[in-house]
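Quick notes on the structure that follows.
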Number of protein chains: 2
Amino acid sequence: MAIRPAEQLIHKAAWLYYAHGLRQDQVASQLNISRASVAMYLRKARETGIVNISTSTQLFTDDVMARRLEDALSLDAVWIAPENDYVIDPSTDIAVLAASVFLELVRKGDRIGVAWGRTIYTIADIMSYADLQDVTVVQLCGNLGAPYSYRPDQCTMEIARRLNAKGLNFYAPLVLTTEALAHGLRAEPVIREQLSGISDCDLALYSVGTVDADSHVVKCGALSVGEMALLREAGAAGVIAGQIIDASGKALDCSYNRRVISAALSSLRQIEKRLMVVQEDSKFEPLLAALAGGLCTHLVVGARMAKRLLEHAGAATEKAS
Amino acid sequence: MAIRPAEQLIHKAAWLYYAHGLRQDQVASQLNISRASVAMYLRKARETGIVNISTSTQLFTDDVMARRLEDALSLDAVWIAPENDYVIDPSTDIAVLAASVFLELVRKGDRIGVAWGRTIYTIADIMSYADLQDVTVVQLCGNLGAPYSYRPDQCTMEIARRLNAKGLNFYAPLVLTTEALAHGLRAEPVIREQLSGISDCDLALYSVGTVDADSHVVKCGALSVGEMALLREAGAAGVIAGQIIDASGKALDCSYNRRVISAALSSLRQIEKRLMVVQEDSKFEPLLAALAGGLCTHLVVGARMAKRLLEHAGAATEKAS
DNA sequence: CACGGCTCTCGACAAAAGTCAAATTGAGCG
DNA sequence: CGCTCAATTTGACTTTTGTCGAGAGCCGTG
């Protein structure tokens with residue numbers, strides 16, 4: 001890169017502007033460049049994460065409902081995106097919040113596991129840039145064979161790029177045709193290493209998928225609509241990192257799961273901070289399953305979903321007493 | 001406070017503006033207030049740390065000199081503020097850098113020990129606001145009896161205020177007239193508790209003082225010019241948190257030190273991250289003493305001082321070999 | 001050495017943000 | 001009930017910032 005001299009200038013401009021609080025024209029005369037260039041450098045500084053602008057997500061945890069949900073579900077932290085109030089775009093609203101929360105949870109030196117899906121990709125897409133050295137972003141599950149819009153490796157790489165972090169992809173298909181082949185592939189050193197490294201993560205980011213025809217695993221061709229219907233009858237309740245879970249949050253005992261190359265649920269549970277983000281209201285049952293399976297310690301949801309969860313939890317304790 | 005509804009508005013405005021990237025007039029129409037109010041709320045949001053704008057201090061560690069200093073002095077990290085280059089105000093320059101470094105080192109839940117002095121107060125004064133819950137700022141040494149411009153409790157409180165943290169002052173004089181009284185006071189539960197809690201800190205912020213007539217301990221009347229001169233002859237090389245140290249960084253065996261109420265040097269050494277900031281070139285010898293005593297793991301200095309340190313370290317290794 | 005293709009830089013204009021004094025609100029009080 | 005006082009809000013104005021197309025410098029290539 002010939003951006004070496006510019007790199008230095010970007011730093012200096014950012015420093016004078018943001019740390020010292022000079023105006024752009026003052027910075028310009030300091031560095032003997034035009035003000036327009038300063039403006040451009042500053043944009044680059046923001047885009048590369050040399051400067052970091054973050055807003056506290058306090059507001060969303062302060063919500064009484066969030067507190068009650070934390071208690072009811074015994075989660076570490078819950079963020080609720082308001083949905084009636086001052087909303088811009090209901091779908092990106094949760095993603096924006098999730099991105100902020102995510103950045104708030106990341107620490108230098110962390111190892112981060114990232115799953116895939118529309119939700120995750122949306123988050124990656126709107127996430128602001130940061131300059132986190134020594135962060136590694138690892139892919140939690142195998143790739144889709146067919147080109148599909150929100151591929152696991154894309155999610156991983158995009159988040160790594162935003163964070164200036166190292167991205168660790170692994171190039172295995174998400175699902176294979178035979179159990180034997182999956183077994184063999186999992187034993188491959190490259191794959192095995194990646195899979196066993198997942199429990200060393202400090203933070204995981206994932207969503208949960210539905211088990212109907214709209215599910216991503218169906219849309220990307222990993223499962224046919226018919227197979228999915230059958231699995232559903234067999235007790236499938238949700239999809240986590242490409243794997244089917246039942247209502248209790250355990251991996252469903254089925255051929256499909258045995259043919260999948262992905263992080264074992266037990267490895268996921270070993271990750272200290274498991275951030276789950278749910279956008280769609282239709283993911284209520286899958287979310288319940290994930291919660292039952294202890295696959296989530298930090299939760300970002302919309303207000304409607306929060307309300308339903310709370311009502312459900314209330315009904316459950318009533319029934320119990 | 002009747003700022004309850006406003007507090008909410010500040011959060012919302014900050015969220016829409018900084019997280020969603022709306023323009024001020026869009027935020028204004030969203031919240032049904034005037035754009036001018038939005039501008040005001042945003043300023044408040046920045047001032048209260050609801051939004052956080054930080055710039056990477058990378059540039060200052062990337063310096064080759066900083067790397068070499070880290071190695072030569074076996075420190076965890078060194079930041080060097082350039083002094084010939086694009087400098088605004090040589091004295092605040094180091095403080096601005098130190099404040100950024102400090103904010104970069106602080107973590108949620110941390111306990112932070114803060115000493116006193118002009119340097120520390122300058123840092124506190126230009127430090128930007130942050131919203132760190134569960135942070136406690138503790139005072140490392142006793143107060144001055146006489147009202148003096150940069151009092152230990154002022155330094156502690158100002159930093160706590162900027163961080164939205166809890167400030168833990170302790171109201172004992174820095175130095176007493178008799179050793180017996182100092183001994184008795186140190187045994188007081190309130191004082192003892194505070195002093196013993198110092199080793200639990202995760203981060204310490206201090207500078208080092210000179211041992212001449214210009215020293216703060218002299219200027220504030222804790223020691224007379226004559227006494228200081230005598231101590232100097234006895235081997236005094238610097239002042240740390242109100243205590244006199246010798247060239248090897250150990251507390252000097254003298255009546256003054258026994259009459260001081262302050263953090264034991266051994267407690268300070270137990271703190272994981274010890275950030276030392278030195279502004280004045282005249283503090284070369286005191287800094288050497290502090291370094292010898294292992295009282296510093298992270299260092300912020302100006303370029304001239306860095307050069308001198310490096311030359312000194314080079315000469316020392318040469319002599320050794 | 002002239003030629004695109006490239007990035008970086010700048011001036012000028014348009015857009016956005018900051019500021020201030022005046023107006024409004026609202027709480028406390030005689 | 002009407003008053004004051006302080007805090008908040010606003011519209012109008014100024015300053016600051018963002019953007020765009022043009023031009024300048026800099027390779028590698030034909």
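Every chain is numbered from 1, with letters handed out A, B, ... down the list of sequences.
The side chain of B/Ser37 lies closest to D/dT9, out of D/dT9, D/dT8, C/dG18. Candidate nucleotides C/dA17, D/dG18, C/dT9 were compared by shortest atom distance to the side chain of A/Ala39, and D/dG18 ranks first. Closest approach to the B/Ala36 side chain among D/dT8, D/dT19, D/dG11 is made by D/dG11 (side chain taken as heavy atoms from C-beta onward). For B/Ser34, whose side chain is taken as the heavy atoms from C-beta onward, the closest listed nucleotide among D/dT19, D/dT9, D/dT8 is D/dT9. Listed nucleotides: C/dT9, D/dT10, C/dG18. Nearest to the side chain of B/Arg46: C/dG18.
Rounded to whole angstrom, the span from the CG atom of A/Leu22 across to the P atom of D/dT17 amounts to 10 Å. Across the protein-nucleic acid pair, A/Lys44 atom NZ and D/dT19 atom C1' stand 15 Å apart, rounded to whole Å. As rounded to whole Å, 10 Å separates atom C1' of D/dT17 from atom OH of B/Tyr17. Between B/Gln24 atom CD and D/dG11 atom P there is a gap of 15 Å when expressed in whole angstrom units. Put simply, CG on A/Asn32 is 13 Å from P on C/dT9, counting in whole angstrom units. Regarding A/Leu31, its CG atom lies at a distance of 16 Å from the P atom of C/dC8, rounded to whole Å. Rounded to whole Å, the distance from CD1 on B/Ile33 to P on D/dG11 is 12 Å. Atom P of nucleotide D/dT17 and atom CZ of A/Arg23 are separated by 7 Å, given to the nearest angstrom.
When each of A/Met40 and A/Arg35 is assigned the nucleotide of DNA chain C bearing its nearest heavy atom, the one mapping closer to the 5' terminus is A/Met40.
The existence of a salt bridge linking A/Asp25 and A/Arg35 is excluded, since no basic side-chain nitrogen approaches an acidic carboxylate oxygen closer than 4.0 Å. The pair A/Glu311-A/Lys307 does not meet the salt-bridge criterion, since no charged nitrogen lies less than 4.0 angstrom from a carboxylate oxygen. With salt bridges taken as basic N to acidic carboxylate O contacts below 4.0 Å, none links A/Asp134 and A/Lys108.
Here A/Arg43 lies in heavy-atom contact (under 4.0 Å) with sugar-phosphate atoms only. When heavy atoms are screened at a 4.0 angstrom cut-off, A/Leu42 is found touching no nucleic acid atom at all.
Listed for the A/Ser207 side chain is a donor-acceptor partner under 3.5 Å among the backbone atoms of A/Val277.
Aromatic ring pairs are classed by plane angle as parallel below 30°, tilted from 30° to 60° and perpendicular above 60°; the pair B/His298 and B/Trp79 is parallel.
Distances shown here put every side-chain N or O of A/Gln26 at or beyond 4.0 Å from the OP1 or OP2 atom of D/dT16. The side chain of A/Tyr41 places no N or O atom within less than 4.0 Å of a non-bridging phosphate oxygen (OP1 or OP2) of C/dC8.
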